[in-house]
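The next block holds one structure in the form of structure tokens; read it before the comments.
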Amino acid sequence: MENVTIARLLDETADLLEIDAADPFRIRSYRRAAEAVEQQTTQLATLVDEPKQLLAIAGIGKSMASNIVDLVKSGSMPLREELLAKYRSTMLELLKLPGMGPKTVALIWSALGVADIDSLETAAKEGKLNDLPRFGQKQVDKILKGIEDFRKNTGRYRIDDATATAERIAALIREFPGIDTVTPAGSLRRGRETVGDLDLLVTGPACEPDCVAAVVDHVAALPLIANLIAKGQNKVSFNMRNGLQVDVRMLPKSSYGAALQYFTGSKMHNVALRQRAIKMGYTLSEYALARMDDSSIVASATEQEIYNALGLDYIPPELRENNGEIEAAQAHTLPRLIELADIRGDVHSHTIASDGRQTIREMAEGALAKGYKFLAITDHTKNLAMTNGLDDARALEHIAAIREVDRELEGRIRVFAGIEVDILGDGALDLEDSTLAQMDVVIGSVHTLFNQPYEEMTARILRAVENPYLRILGHPTGRKVMAREAYTFDLERVLRRCAELGVMVEHNAGMPRLDLSDRNLRLAKELGCRISVNTDAHAVSDFEQMPFGITQLRRAWLTPADVINTYSPEEFLAALRPRP
DNA sequence: GCCGTTTTCGGCCCGACTGTTTTCAGTCG
């Protein structure tokens, strides 16, 4: 059983406990445990015979460890079974409807026997809900609307889409006079690869308390709003046409830092921060860090002041997951995270020789314009026929053409000759060794190996990695971003072998379905792999995808030294696995 | 159910918005 599954089952147990009106602190323990499990880089299923290692995880105590062992061994656990016998598993879906919380779910169950979305809809339309306490027509309408939306769209939105939407909305809000800044907060600011909703924080002279009402009216009337959910004194919530929920908050300058900190989260990071504040005699809210005794404000204008007042170094948003960052900030041991400005090269790109859209020269000049010091041209091989992939003869010609451009641009940028070679069904590489020996960069890609049995897939990739000419394992997972992880092979074993052999592993910034997740990047670092971040550019404009890749590297706590793209061209060549 | 710079017991984060509540419960982030 994968960690994500264990985490989900623990979280669902917390939901059921809420419906059961259990002790809120017990419920929180289950939520904390679920979070902690999801953060782990090693699979807990391999630790069930060593409970001590489970107990070492913060948030996992004796009975939670026993729960995890039960889950791994039997697929369930006693408490979960007990609750499922008392209630229904379909209630977990009801909780996802807006406005439906555990109390309401418990109420309609005990009063009407309603436990799933279809019966809820029927009951609502028949007017049965109106007789219940705290139910009026508005509640009923909200539920029916919620059911409609739920069926229309489920799930999360990709960070690049959400970023574009945020920018569109921000531009419209800025049209109002007296707005200085519009900043995305929440999981978008933390760089999660998908976001559930959008939090925008707005500040400027127009957001001071005596005049904020006009801004609120302006935002609530934006033309791109599909459905207005709520409009308060300084907050507006609405849905976009695609279902994405947007929360916009207007804030005075004086408390902007506290608000930014608060709404950036994560929730678990904030909880930990608040507990720390209390121990120090403070209270932390979205308005300020204040003294508990006389409510005097200690810090509120910037995040930096707040973290410092709590005895911490500033914590970058990407690290705020309550995953050791607070302890590191206190000990002044936070890593100097990699930044976009550190990147000096991209070693995965395509040209018109295969399925790219620009020439070698154009790609090289595009990289030069980004300030890069090196670029590797890595077109496809013949096995991927639809990409017009290269055979040995064309590959050798291509190398000569790349060397030519490299000479033309001497002193300005290094252009390395490379190839993105397919790993064939038996684990062999798609070109002759004698051809591969001419290349600076050989990326082995897993494309065509999908949909094979786990063990076979693992064995074939391991065989490919053994080939001494293979120097980078290209976009090594077939996971789907929207559906969490979907490994098709034993990634941990492959990464371990890559580390032993000096094979670099790639984080693909341009293809979010083929990259390594932040958790797997952290695993790769722990195992000692050298990591490369590349855009897989098929045109110069694709180089612009790099920031999304950097964000994920930051979430994995990577420093410039961990990532070969920060090296000089000579250092990069030296870091490659030596030729036989 | 977890945890410990007072503690192995007694704590455990904070506030806004909504609806129908004439003083607050539930939901949400």
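The chains referred to below are lettered A, B, ... by the order of the sequence lines, with proteins before strands, and numbering in each begins at 1. Because the structure is predicted, anything quoted here is derived from the model rather than measured.
With both ends at atom P, the span from B/dT23 to B/dC28 equals 25 Å, rounded to whole Å. Rounded to the nearest Å, the gap between the C1' atom of B/dA25 and that of B/dT20 is 11 Å. Using C1' as the reference atom, B/dC13 and B/dG29 are 13 Å apart when rounded to the nearest Å. Between the P atoms of B/dG15 and B/dT22, the separation comes to 26 Å (whole Å). Comparing the same atom, C1', in B/dC2 and in B/dT7 gives a spacing of 14 Å after rounding to whole Å. For the P atom pair drawn from B/dC12 and B/dT5, the interatomic distance equals 16 Å after rounding to whole Å.
Listed pair A/Q139 / B/dG19 fails the phosphate criterion, with no side-chain N or O lying under 4.0 Å from OP1 or OP2. For A/S63 and B/dC2, the shortest distance from a side-chain N or O to OP1 or OP2 is below 4.0 Å. At least one side-chain nitrogen or oxygen of A/R26 sits closer than 4.0 Å to the OP1 or OP2 atom of B/dG1. The shortest distance between the side-chain N/O atoms of A/T283 and the OP1/OP2 oxygens of B/dC13 is not below 4.0 Å. Taking 4.0 angstrom as the limit, A/K138 places a side-chain polar atom (N or O) nearer than this to OP1 or OP2 of B/dG19. Taking side-chain N and O atoms only, A/Y262 has no distance below 4.0 Å to OP1 or OP2 of B/dC13. For A/T104 and B/dT27, the shortest distance from a side-chain N or O to OP1 or OP2 is below 4.0 Å. Checking the phosphate oxygens (OP1, OP2) of B/dC17, a side-chain nitrogen or oxygen of A/N234 falls inside 4.0 Å.
Look at OH on A/Y30: it is 13 Å from P on B/dC3, rounded to the nearest Å. The distance from atom CD1 of A/I143 to atom P of B/dT27 is 10 Å, rounded to the nearest whole Å. We find that CD of A/Q275 is positioned 12 Å from C1' of B/dC14, with the value rounded to whole Å. In this structure, CG of A/L95 is placed 9 Å from P of B/dT27, rounded to the nearest angstrom. As a whole-Å value, the separation of A/Q137 CD from B/dT18 P is 19 Å. Remark: C1' of B/dG29 and CD of A/Q261 are 13 Å apart, rounded to the nearest angstrom. Nucleotide B/dG29 holds its C1' atom 13 Å from the CE atom of A/M268, rounded to whole Å. For the pair A/K279 NZ and B/dT5 P, the interatomic distance rounds to 6 Å; values are reported in whole Å.
To the nearest 0.5 Å, atom OG1 of residue A/T559 and atom CG of residue A/L334 are 13.0 Å apart. In this structure, A/D313 CG and A/I315 CD1 are separated by 8.0 Å, a value rounded to the nearest 0.5 Å.
The residue A/L97 sits close only to the backbone: its heavy atoms come under 4.0 Å of sugar-phosphate atoms, none of a base. Using a 4.0 Å heavy-atom distance criterion, A/K142 is classed as making no nucleic acid contact. At a threshold of 4.0 angstrom between heavy atoms, the contacts of A/A277 with the nucleic acid are absent.
Side-chain proximity of A/D247 to B/dA16, B/dG29, B/dC13: nearest is B/dG29. Nearest to the side chain of A/M64, among B/dC14, B/dG29, B/dC2, sits B/dC2. Considering only side-chain atoms of A/V271, the nucleotide from B/dA25, B/dC14, B/dC13 that sits closest is B/dC13. Distance from the side chain of A/E286 is smallest for B/dA16 among the nucleotides B/dA16, B/dG1, B/dT27.
Donor-acceptor pairing under 3.5 Å is recorded for the side chains of A/Y30 and A/N67.
Note that A/R320 lies in the cation-pi zone of A/Y314, set by a 6.0 Å cut-off to the ring centre and a 45° limit from the axis.
Just one residue in the list A/E193, A/E318, A/E321 forms a side chain to side chain donor-acceptor pair (under 3.5 Å) with A/R555, and that residue is A/E321.
Nearest-nucleotide positions on DNA chain B place A/A230 closer to the 5' end than the other of A/K96 and A/A230.
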Applying side-chain contact (heavy atoms from CB on, under 4.5 Å), run through A/I57 and A/Q39 and close with a yes or a no. CA-CA 10 Å; A/I57 301 169; A/Q39 301 266 15; over 6 Å; no

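The minimum heavy-atom distance between A/A65 and A/I60, with the atom names listed, is N-CG2, 3.8 Å.
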